Amino acid sequence: MKKFLILLLMLAISTFNIASAEMVIYNTNTGKFHKITCKWAKKCTVNCIKIEKAQAIKRGGIPCKVCGG
């Protein structure tokens, strides 16, 4: 029973880590990042990539003034 609970806890933690990685659209030219649903993210085509928000911040990205990134 104890092994089962530990396994269940480990599974829950790994699922939470995967789900908590928020994806954003990052403009490599301007350094701004947008939520995927942002109207400016949808208009961004040439210099934009889809990455995790933490990575966008690590690259020095700043959040969009409209959506807050």
Side-chain angles (χ1 to χ4, degrees):
M1 181 70 175
K2 188 175 182 180
K3 288 182 181 180
F4 176 73
L5 290 175
I6 291 171
L7 180 64
L8 188 60
L9 180 61
M10 289 174 58
L11 181 63
I13 290 171
S14 66
T15 303
F16 175 75
N17 287 338
I18 293 169
S20 66
E22 182 182 356
M23 300 302 286
V24 296
I25 303 299
Y26 176 73
N27 187 318
T28 58
N29 191 33
T30 66
K32 293 183 181 177
F33 60 91
H34 310 268
K35 291 182 181 178
I36 294 175
T37 57
C38 179
K39 69 177 184 177
W40 296 108
K42 293 176 183 176
K43 292 181 180 185
C44 189
T45 56
V46 179
N47 299 311
C48 293
I49 57 174
K50 185 177 180 180
I51 62 174
E52 291 182 11
K53 186 175 184 177
Q55 287 296 319
I57 293 169
K58 197 176 211 181
R59 290 182 179 206
I62 54 174
C64 168
K65 291 180 182 178
V66 177
C67 69

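This is a predicted model, so every value here is computed, not measured. As a basis for the values below, the full set of heavy atoms in this structure was taken, side chains included, without hydrogen atoms, waters or symmetry mates.
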Where do [X] and [Y] come nearest, in terms of heavy atoms and distance?
X	Y	answer
Val24	Ile36	CA-CG1, 4.4 Å
Glu22	Gly69	OE2-O, 4.0 Å
Ala41	Lys35	CB-O, 3.4 Å
Cys64	Trp40	SG-CD1, 4.5 Å
Gly68	Pro63	O-CB, 3.4 Å

Which distance, rounded to the nearest 0.5 Å, do you find between the [atom1] of [X] and the [atom2] of [Y]?
X	Y	atom1	atom2	result
Lys32	Cys44	NZ	SG	11.0 Å
His34	Asn27	NE2	CG	6.0 Å
Thr37	Ile25	OG1	CD1	10.0 Å

Measure the shortest side-chain to side-chain distance between [X] and [Y] over non-hydrogen atoms and say whether it is less than 4.5 angstrom.
X	Y	value
Thr28	Arg59	yes
Phe33	Ile57	yes
Met23	Glu52	yes

